[in-house]
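Here is how names work: the chains are called A, B, and so on, in the same order as the sequence lines, proteins then strands, and each is numbered from 1.
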Amino acid sequence: MDFKVFDSKWQKKWKKAKMFEANVSKGKKFFITFPYPYVNGPPHVGHGYSAFRTDVYARYKRQQGFNVLFPQGFHATGEPIIGVVKRLNNGDESQIQAMHGYGATEKDIEGFKKDPKNLVHFFIKKWIATLEAAGMSIDWRRKFVTTTLTPTYSRFIEWQYNTLKEKGFVTQGTHPVVWCPKDLSPTGDHDRLIGEGESPVDYVLLKFTYLGYILPAATLRPETIYGVTNMWLNPDTHYVEADVDGERWIISNEAAQKLKDQMKVEIISDFDVKELFGKRCIDPVSNREIPILPSKFVGGDTATGVVMSVPAHAPYDWAALMELMDKDELQLYNTQRTDIEPVSVIEVEGFGELPAVELCEQMGIKDLSDTKKLDEATSLLYKKEFHTGTVKNSGQYTGTKVNESKEKLTLDFIEKGVANVMWEVGEVVCRCNTRCHVKILENQWFLKFSDEEWKKDVRTNLSRMTIYPEEARNNFENTIDWLRDKACARKSGLGTPIPWDREWIVETLSDSTIYMAYYTLARIINEKKVKPEKLTDEVFDFIFTGKGDTKKVAKASKLKLSILRDLRKEFEYFYPVDMRSSGKDLVQNHLTFFMFHHIALFPRAKWPNGISVNGYVNVEGEKMSKSKGNIIPLKSLLEQHGADMVRINMVGSSQGIDDADWREESVKAYRNRYDTLFQLSTDWKKAKKTKMENIDLFMQGKLQKIIESTTKSMESMMFRDAVQSALFEATSDLKWYLRRTGNLKNANKKVIKEYTGVIVKLLTPFTPHVCEEMWSNLGNKKMISGWPKWDSTRLSNEAELGEDMLKKTLNDIEDLQRIVKMKPKKIILFIAEDWKFRVYQKVLRNKDQNMNTITKEIMSSGAYGKATVSFIQSLYKKLNELKPVMTKSMQLILLKEAKEFLQRETNTKIEIIDADKTTNQKAKVASPNKFGIFME
RNA sequence: GCGAGGGUAGCCAAGUCUGGUCAAAGGCGCAGGGCUUAGGACCCUGUCGGUUAGUCCGUUCGGCGGUUCGAAUCCGCCCCCUCGCACCA
């Protein structure tokens with residue numbers, strides 16, 4: 001059966017019936033969203049997963065009777081769209097090819113080049129068409145695009161930032177970023193040719209002085225300053241004298257260039273450092289005289305090109321000194337061996353006084369030639385000292401832990417004016433092939449996420465929120481703790497300017513934190529064509545917080561009073577967000593910001609109620625990636641398999657935070673099950689039986705069980721479990737039932753119809769199209785509505801056992817068939833002891849001698865029955881909490897079935913006995929933990 | 001480095017919170033059988049080793065220890081894997 005033929009048929013009917021349009025009403029609402037996609041391409045399977053999960057939940061809630069709002073907008077701010085347009089304009093062949101791949105014509109592309117808007121709208125069209133074809137139950141009247149493409153939305157962002165600033169949540173400050181001097185913009189990880197993962201590191205510059213000059217020694221270990229023996233400069237490096245914040249610094253030329261982006265730097269002249277060798281500079285902390293020596297290991301491209309030497313703790317320094325000593329060059333520089341004797345300033349476990357010296361010896365390092373070993377030694381020692389070392393011989397800092405002292409020392413020294421900070425980054429090369437360095441951005445705008453009060457409220461709200469799966473909660477808590485101030489503005493890309501400082505644009509993560517509130521307004525704004533200028537801050541204040549007088553606000557803004565009232569009504573009714581469903585990658589950023597901003601901007605009652613997080617999508621077990629070429633467009637899957645099979649294959653494949661997997665192969669498995677169901681939906685009339693027998697009652701009880709477990713799984717978005725029980729388990733039951741009754745004709749009509757109908761309803765959120773079709777096949781005139789409720793009174797004793805029951809019954813039927821073949825003289829069906837026998841056997845297996853002895857005694861006493869059981873029970877009280885596996889009455893029902901069956905198939909004598917009461921020892925011994933069959 | 005999540009039979013994956021119905025669900029693969037002109041689909045059976053008609057015994061849940069009458073599950077240490085660490089959507 002090819003189910004895709006039903007897709008458009010039902011989609012049209014839904015549309016006609018306005019099934020997904022949510023309006024203010026008296027009913028209970030449920031507001032669900034998933035993050036709006038960035039529209040620089042069409043949707044692929046990865047998008048599909050989050051989208052389908054959201055839709056499944058939306059449909060489920062709708063069936064439950066909620067007035068579900070499920071809107072959808074699109075995201076277009078920031079750099080990528082501009083990047084695409086730029087590449088198109090540059091004639092980038094692969095980009096043009098990609099666009100053709102997405103179905104863009106030459107004419108389309110010409111349009112994109114002229115205006116990025118055209119590109120955005122092109123993809124939005126694709127998105128909407130694909131989502132509709134996928135059967136998404138979205139209220140499209142509320143769509144919009146960020147930010148400047150929808151000026152009213154841009155106005156909304158302005159209100160957001162004005163309000164945040166007013167409340168003190170936006171502050172200004174400086175911030176180091178990795179910077180491309182050619183592009184004149186920050187170079188994020190994804191913009192890099194080399195150096196992914198490199199981030200700015202703060203070197204401490206200790207200002208050694210020499211005759212009015214400053215030699216700013218760059219170090220990551222300022223706590224070792226008391227162990228400095230000499231200063232290193234590279235005789236082959238180009239140094240300059242520069243005016244840095246009013247001081248005369250001697251630094252490498254490269255350093256001077258870089259520092260221009262961090263301090264006020266003016267290069268005065270070249271400086272020949274050779275004249276310094278052998279001279280003494282002054283240690284700014286303890287005023288010691290420190291000889292200046294040459295060494296080529298000092299890189300001019302790392303920090304200042306001025307390095308202090310701590311031979312006791314730095315392998316490089318010791319190796320450099322060894323080189324000088326080997327070549328007997330020390331005296332050339334007016335320096336004695338005793339002047340540079342290593343000074344130990346860190347006590348560390350596992351090493352003696354001079355760890356670097358020891359380590360060099362151990363690793364056979366004799367000079368600077370073996371940089372690999374030196375690097376290894378350096379990193380090893382640095383880690384060891386940082387984590388376990390204690391400072392010594394260092395004046396007031398003696399006795400403090402290295403990892404604690406570092407920060408303190410730095411602050412102290414800066415305060416005293418003897419130190420500065422210089423930001424440096426490892427090798428980073430921009431996409432434009434330019435080497436990057438660190439720039440301090442001045443006057444950057446920040447969201448003050450570090451604010452403890454703010455965090456407190458966020459934590460409080462988190463604790464009352466629904467989080468699916470529960471494991472994700474840890475992640476949120478941790479993110480909240482760890483979050484620092486976040487730069488929320490950029491100088492380039494698309495977006496809304498910061499209203500009070502228009503040279504900055506609100507950065508794209510920061511303009512997407514409360515847009516769900518805009519959905520509640522979007523319908524009216526779109527339909528009434530509300531002008532952006534009428535949406536003043538006062539209007540938004542009124543809508544979102546109720547502040548101000550309706551009439552005055554309307555008058556001042558020139559917004560129609562009725563519209564203003566309706567906007568407020570929509571927001572009041574639909575807000576807050578009840579469930580936001582998203583990929584796990586957004587936990588550390590978007591989803592957490594979403595919470596922060598809501599807490600800052602809205603009244604408590606409007607704070608988010610729930611978040612659900614899902615994993616990524618793999619394709620055939622592999623990660624999706626451009627390079628593997630395994631990114632599957634959603635559209636092609638829909639065309640191939642139809643919406644329903646795609647939906648259930650994705651949503652049913654995984655749950656929780658685990659990654660989903662798109663496996664073509666498993667579509668088959670689903671299709672088979674649906675074939676069975678579909679067949680029944682048309683053939684149910686062939687069932688003729690009307691008498692309710694045990695097996696029919698059992699099926700009804702079993703159905704209640706399925707409703708219960710499916711509903712519970714659905715509620716917490718455990719969709720794989722839900723599919724497992726509503727589809728696989730249920731169809732297995734049906735097949736089993738039909739096998740037991742012999743054929744469809746012998747099946748109970750009522751049971752078949754009820755069972756099929758309920759299963760169809762349970763599966764509707766996953767496969768809405770084919771379910772509607774089956775529902776109508778079952779003779780229903782109206783479309784599906786309502787969610788089945790389970791009736792616990794119908795959960796007969798048997799069904800309490802759930803799946804075990806079925807399995808065991810089935811096994812017994814197989815056994816029975818075997819028995820029939822063996823042609824026994826007599827068959828005894830017996831009821832066994834219940835679970836306690838299992839426990840009893842476990843005890844027997846126990847290796848513990850004492851227990852073994854005890855139980856053996858019990859055994860030999862012949863007390864098989866209740867006495868034994870109660871003895872064990874009293875011994876292990878815990879066991880009392882356990883539920884019986886299968887009660888005798890349940891067994892009896894099954895055995896009666898078995899008896900009937902056997903009587904049909906054979907003419908052997910059959911009796912049912914209770915193993916607990918029987919005098920038949922053989923049966924007793926044979927029986928212990930399974931009810932069943934015994935023959936003679 | 002900091003933080004989060006994991007490691008279960010050939011593979012995927014439940015079970016872990018709340019220890020005993022766990023030799024451990026389910027699926028895939030594989031083997032045998034049924035059905036079929038054949039293939040596919042479907043239905044049975046088996047799938048840690050050894051044994052029984054039904055059973056029982058032995059050895060398993062990353063590694064090593066511990067708690068317990070009893071550990072895949074609780075505790076400690078160790079090893080390994082995946083992901084995130086920001087101005088980027």
Side-chain angles (χ1 to χ4, degrees), chain A residues 35 37-38 40 75 77-81 175 177-178 185-191 197 199 383 386-387 441 444 446 449 470-472 474-479 481-490 493 507-510 512 584-590 615-616 621 653-654 656-659 661 663 665-666 668-669 671-672 675-676 720-721 724 728-729 732 735 739 801 803-804 807 810 814-815 817-819 822 824 834-839 841-843 845-852 854-855 872 875-876 878-879 881-886 925-930 932-935:
Chain A
Y38 194 85
N40 60 347
H75 194 201
T77 51
E79 309 273 0
I81 285 173
H175 182 63
V177 293
V178 178
S185 78
T187 312
D189 254 354
H190 52 283
D191 291 327
S199 53
K383 274 184 200 156
F386 182 79
H387 293 289
L441 284 181
Q444 170 66 277
F446 287 90
F449 287 147
E470 190 56 37
E471 297 99 277
N474 276 343
N475 235 317
F476 279 112
E477 275 166 5
N478 191 260
T479 305
D481 287 345
W482 156 94
L483 210 59
R484 307 190 301 267
D485 290 351
K486 173 170 190 320
C488 62
R490 268 187 84 96
E507 174 274 330
T508 75
L509 291 181
S510 307
S512 304
K584 62 182 171 188
D585 49 329
L586 300 189
V587 170
Q588 284 89 344
N589 41 65
H590 169 74
Y616 305 124
S653 81
S654 179
I657 207 125
D658 296 334
D659 294 345
D661 197 0
R663 283 180 194 273
E665 187 67 16
S666 39
K668 267 196 257 169
R671 201 178 288 279
N672 289 333
D675 277 336
T676 308
R720 190 183 50 204
D721 288 349
Q724 206 60 238
F728 288 99
E729 206 180 316
S732 293
K735 283 186 194 171
R739 212 159 49 238
L801 211 104
E803 62 262 46
D804 267 13
K807 244 184 309 174
L810 196 56
E814 297 311 319
D815 283 350
Q817 271 160 353
R818 236 189 333 239
I819 286 162
M822 292 173 99
D834 59 19
W835 62 278
K836 285 150 197 158
F837 264 98
R838 282 236 164 187
V839 175
Q841 286 177 327
K842 290 242 169 200
V843 173
R845 271 185 230 146
N846 184 359
K847 281 175 197 156
D848 183 280
Q849 268 307 309
N850 292 329
M851 258 336 280
N852 224 346
I854 294 169
T855 47
I872 296 169
L875 205 57
Y876 308 121
K878 283 185 201 169
L879 294 180
E881 297 157 19
L882 293 173
K883 281 184 190 160
V885 173
M886 185 179 296
V925 175
S927 73
N929 64 2
K930 203 182 171 197
I933 291 119
F934 178 73
M935 41 186 184

Base-pairing mate for B/G70 - Watson-Crick or G-U, with both contacts under 3.5 Å: none
Whole-angstrom distance between B/A25 and B/C61, as gauged at atom P: 16 Å
Spatial distance of atom CD (A/E79) from atom OG1 (A/T508) [nearest 0.5 Å]: 9.0 Å
B/G5 OP1/OP2 closer than 4.0 Å to side-chain N/O of A/N475: no
5' priority, RNA chain B, between A/N478 and A/K584 [closest heavy atom]: A/N478
Sugar-phosphate, base or nothing in reach of A/Q444, heavy atoms under 4.0 Å: nothing
Per A/P186 side chain, nearest of listed nucleotides B/A89, B/C87, B/A4: B/C87
A/Y616 side chain vs A/K584 backbone, donor-acceptor pair below 3.5 Å: no
Distance between P atoms of B/A71 and B/C22 (Å, rounded): 16 Å
Nearest heavy-atom neighbours spanning A/A487 and A/S510: O-OG, 4.4 Å
N/O (side chain, A/R720) to phosphate O (OP1/OP2, B/A14) under 4.0 Å: yes
Among B/A89, B/A4, B/C87, the one nearest A/L509 by side-chain distance: B/A89
A/N40 to A/P80 - nearest heavy-atom pair and separation: ND2-CB, 3.8 Å
A/H590 side chain reached by A/D585 side chain, heavy atoms, under 4.5 Å: no
Pairing partner of B/C56 (Watson-Crick or G-U wobble, both distances under 3.5 Å): B/G50
Minimum-distance nucleotide (side-chain atoms of A/W482 versus B/A86, B/C87, B/A89): B/A86
Gap between atoms CG and C1', on A/L586 and B/C83 respectively (whole Å): 13 Å
Nearest-angstrom distance from the residue atom NE2 of A/H590 to P of B/C85: 16 Å
Sugar-phosphate only, base, or nothing, as touched by A/H175 at under 4.0 Å among non-hydrogen atoms: base
Spacing of the P atoms in B/C57 and B/U45 (rounded, Å): 25 Å
B/C77: pairing nucleotide in any strand, Watson-Crick or G-U under 3.5 angstrom: B/G63
Flag side-chain contact, heavy atom, 4.5 Å: A/L509 against A/K486: yes
Any-strand Watson-Crick or G-U partner of B/C42, both distances under 3.5 Å: B/G34
Sugar-phosphate only, base, or nothing, as touched by A/N589 at under 4.0 Å among non-hydrogen atoms: base
Nearest-angstrom distance, C1' atom, B/U36 to B/C56: 40 Å
Proximity to the side chain of A/K486 - top-ranked nucleotide from B/A89, B/G3, B/C87: B/C87
Euclidean distance for C1', B/G58 against B/U52 (whole angstrom): 16 Å
Gap between atom CD of A/E507 and atom CD of A/Q444 - 0.5 Å precision: 9.0 Å
Donor-acceptor pair (no angle test) under 3.5 Å: A/N40 side chain, B/A89 base: no
Atom-pair distance (CD on A/Q588; P on B/C85), nearest Å: 7 Å
Nearest-angstrom distance from the residue atom OH of A/Y616 to C1' of B/A4: 12 Å
Pairwise P distance, B/C2 and B/C78 [rounded to whole Å]: 13 Å
Candidate nucleotides B/C87, B/A89, B/G26, ranked by approach to the side chain of A/Y38 - the nearest: B/A89
Distance, rounded to the nearest Å, where A/F728 contributes CZ and B/C28 contributes P: 8 Å
Rounded interatomic separation in angstrom, taking CD from A/Q724 and C1' from B/C28: 13 Å
B/A14 to B/G66 separation - P atoms, rounded to the nearest Å: 31 Å
C1' spacing across the pair B/G20 / B/U73, given as an integer number of angstrom: 11 Å
Base-pairing mate for B/U82 - Watson-Crick or G-U, with both contacts under 3.5 Å: B/A4
Rounded distance (Å) that lies between atom P of B/G3 and atom CG of A/N474: 13 Å
Pairing partner of B/C17 (Watson-Crick or G-U wobble, both distances under 3.5 Å): none
Length of the line joining A/D659:CG and B/G84:P, which is rounded to integer Å: 11 Å
